[in-house]
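By convention in this document, chain letters (A, B, ...) are assigned in the order of the sequence lines, proteins followed by strands, and residues within each chain are numbered from 1. This is a predicted model, so every value here is computed, not measured.
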Amino acid sequence: MLSVENVRSAYGRIEVLHGVTLHVDAGEIVTLIGANGAGKTTLMHAVSGVQPITGGTIRFEGRSIEQLPAHARVAAGISQVPEGRQVFDPLSVQDNLRLGAWSRRSRDLKADLARVLQLFPMLEAFWEKPAGTLSGGQQQMLAIGRALMAKPRLLLLDEPSMGLAPNLVDHVLAVVRSLKHEGLTILLVEQNAGAALAIADRAYVLETGRIALSGNAGDVHNDQRVREAYLGI
Amino acid sequence: MAELLQFISSGLTVGAIYALVALGFTLIYKASDIINFAQGEFVMLGGMTTVFVTLAGVPLPLAALIAVVSTTAIGVALHRFAIEPARGASPVALIMITIGASIFLRGVAQIVFDRRFHSLPPVFGADPIQFGGAAILPQSLVVLASATVIVTVLWLFIERTLLGKAVIATAANRLAARLIGIDTRRVVALSFAVSAAIGAIAGILITPIALTSYDAGTLLALKGFAAAMLGGIGSAPGAVVGGLLIGMMEAFAAGYISSNYKDAVAFLIILAVLLSIPQGLFGRAKVERV
């Protein structure tokens, strides 16, 4: 469904992705783990089209998308929940969600809004409140809901568990799993490698801009280097 | 008392114009972080185009419409051909581009129009209305009423339409706006279009009172900028309040001190704001979160 081939990207003269290749098949949860600064977010931004690439190709459902502007990639079916949530602080929860469907040009969003509330019932109490007043966990749910409003076929999740209380981490991961059962394809970036490997089908380990290791989530989980470096076992 | 009333009425009138100019600054700044120093040229183009189209025999309302539409087109063109090609440049570089555009537009206006001062007939005549001993120009009321309508329509657009909310979203978090599929370039283009239209209307409204010429935009832009600074750059309510305050202070300075120093007021305010409350009255201090 998504195939990233030999992608390079740089900030100014400093190259941070030195030719990354990975793929995500339809219906999979693929996780990308790695330390701070390995380039995980840069790769996610490159797939969404908000970070320019200096080489390589990105294909989505067989179509080359690296020339498409970011908004066209959302319309094509790729949604991202960015790192740090990035909700629209001054806008209400409802408006954040409605804007999530911006790329669809659809005016009847009742069913979609209801579905988000079904996944995250606690958002209903804050329906008309500015998103900036929500707690970190609530904002994370809002950010996921907002991305789902675009009805993506591929969901990019960047550090959804960052800064969340442990029970919320479980809730968010349970939602991610249920989204997979509904047929959504997911690329999950996580520093919480243990949690990510537990729900993923396959995994890639990104180290300083290169894929260092890849394989089934279980194999990666059992890899000695991964256990030492990312799982602390 | 009559004197005070007189100063207030003339202060509010020019203040409303400064407020509109400041709103233009605010809109573009919110959408793009650019301070558009060609904002004053939009005001000049509104007034000058109306003058010259009426001289060609076109009735005033139609001429005003032509002026607003053509100025809006120039605003969009400014974005498309000057700002957009420099995408990715620093805000400072983009601000310099707008200064260049401002000089360019003034030069073209000098050639296309002329270098003389021009006026327009007031909408409801020039006979002042006596009120509490003060003589209030009917055009002042037209300015205030129009400014109120523009501010209200803009507010309704921003608060009540999804497109308006997309503008707020772009201003609040450009990365997230792009990630949910908003074409932020078009939002910035829209902000240039709306700012140009508001500027043109301000220029048409003020011309019967203050005259216009090819270089009338420069001073208006600086005063509108001072208003936006005073209100807190990026705050729409701040732009309105800042504009009215500067207009009033100018009127008082002209009335109680000397009209020679009137134009200095705006600059003193810029200095005072920068020194004491750099975030302005309604602005929030920029906090870098990590």
Side-chain angles (χ1 to χ4, degrees), chain A residues 12 41 44-45 47-52 68-92 94-107 109 130-132 136 139 142-152 155-158, chain B residues 26-27 29-33 80 84-90 93 154-191 232-238 282-290:
Chain A
T41 294
M44 295 294 246
H45 282 182
V47 172
S48 278
V50 293
Q51 164 72 21
L68 287 183
H71 61 93
R73 298 191 201 190
V74 179
I78 303 175
S79 246
Q80 179 172 162
V81 181
E83 180 184 11
R85 307 178 276 272
Q86 316 282 352
V87 295
F88 300 120
D89 288 349
L91 294 174
S92 69
Q94 178 182 192
D95 288 337
N96 267 270
L97 291 174
R98 283 183 183 280
L99 279 172
W102 179 261
S103 60
R104 287 165 49 203
R105 304 272 162 206
S106 164
R107 288 288 160 259
L109 302 173
Q139 287 188 352
L142 176 58
I144 296 174
R146 183 181 64 184
L148 291 175
M149 290 298 289
K151 291 220 165 151
L155 185 66
L156 309 175
L157 278 164
D158 197 349
Chain B
T26 304
L27 260 176
Y29 178 76
K30 282 292 253 185
S32 66
D33 285 344
R80 176 69 188 79
E84 185 55 33
R87 185 160 38 114
S90 69
L154 195 63
W155 181 78
L156 286 174
F157 163 69
I158 292 283
E159 292 289 326
R160 296 290 156 86
T161 69
L162 199 61
L163 181 56
K165 287 178 176 159
V167 176
I168 300 183
T170 304
N173 191 326
R174 207 159 311 150
L175 172 68
R178 294 177 69 199
L179 285 175
I180 63 162
I182 294 173
D183 186 350
T184 51
R185 275 181 301 164
R186 287 178 63 183
V187 171
V188 176
L190 177 73
S191 75
I233 190 89
S235 158
F282 289 73
R284 270 173 306 169
K286 212 168 195 161
V287 183
E288 293 284 339
R289 262 200 271 187
V290 285

- Item | Top of B:Thr184, B:Ile182, B:Ile168 for chain A proximity - count of heavy-atom pairs under 4.5 angstrom | B:Ile182
- Task: Let me know if A:Leu91 has heavy atoms under 4.5 Å from chain B in its side chain, its backbone, both or neither.
- Result: side chain
- Query: Side chain, backbone, both or neither: which part of A:Val81 has a heavy atom under 4.5 Å from chain B?
  - Reply: neither
- Task: May I ask you to test the A:Glu83-A:Met44 pair for a side-chain heavy-atom distance under 4.5 Å?
- Result: no
- Task: Taking the side chain as every heavy atom from C-beta outward, state whether B:Thr26 and B:Lys30 have any pair of such atoms under 4.5 Å apart.
- Result: yes
- With chain B, which of A:Met149, A:Arg146, A:Arg85, A:Arg98 has the greatest number of heavy-atom pairs at distances under 4.5 Å? A:Arg146
- Query: Where is the tightest heavy-atom contact between A:Arg73 and A:Val47, given as atom of each residue plus distance?
  - Reply: NH1-O, 2.9 Å
- Task: Work out which heavy atom in B:Arg178 is nearest to a heavy atom in A:Ala70; give both atom names and the distance.
- Result: O-CB, 4.0 Å
- Answer key: most heavy-atom pairs under 4.5 Å with chain A among B:Ala169, B:Ala166, B:Ala171, B:Ala172 is B:Ala169
- How close do B:Ala176 and A:Gln86 get, heavy atom to heavy atom, and via which atoms? CB-O, 3.2 Å
- Query: Which answer fits B:Ala177, side chain, backbone, both or neither, if we ask what part of it has an atom under 4.5 Å from a heavy atom of chain A?
  - Reply: both
